[in-house]
Chemist: 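If you scroll down you'll find the structure; I have some questions about it.
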Amino acid sequence: MFSHTPIFDRLVAERGDIPAQVRAEAEGIQRDLARIIQAPPIGGGPLGRRPFSADGGSASAFL
């Protein structure tokens, strides 16, 4: 992705390979999110939440 030039090599030596670290962290976040998004919902309503009932009831008619 990045061309290796003397200045880039010097920065990597001084500060570490930041682009590689960021890329690895982003890939980990993507894996975590993919696992969360594919998980079955908890509860009875959309997105795992119970439907809202204006009268304060359990809204079990929607389940």
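This chain uses plain numbering: 1 for the first residue, then up along the sequence.
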Chemist: Considering residues, nucleotides and ligands other than I18, do more than 12 of their heavy atoms fall under 6.0 Å from its CD1?
Modeler: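 Yes.
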Chemist: Could you check whether atom CD of E25 has more than 12 heavy atoms from other residues, nucleotides or ligands sitting under 6.0 Å from it?
Modeler: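 No, the 6.0 Å shell around CD holds no more than 12 heavy atoms from other groups.
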Chemist: Measure the spacing between CZ of R35 and CZ of R31 and express it to the nearest 0.5 Å.
Modeler: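 It is 8.5 Å, given to the nearest 0.5 Å.
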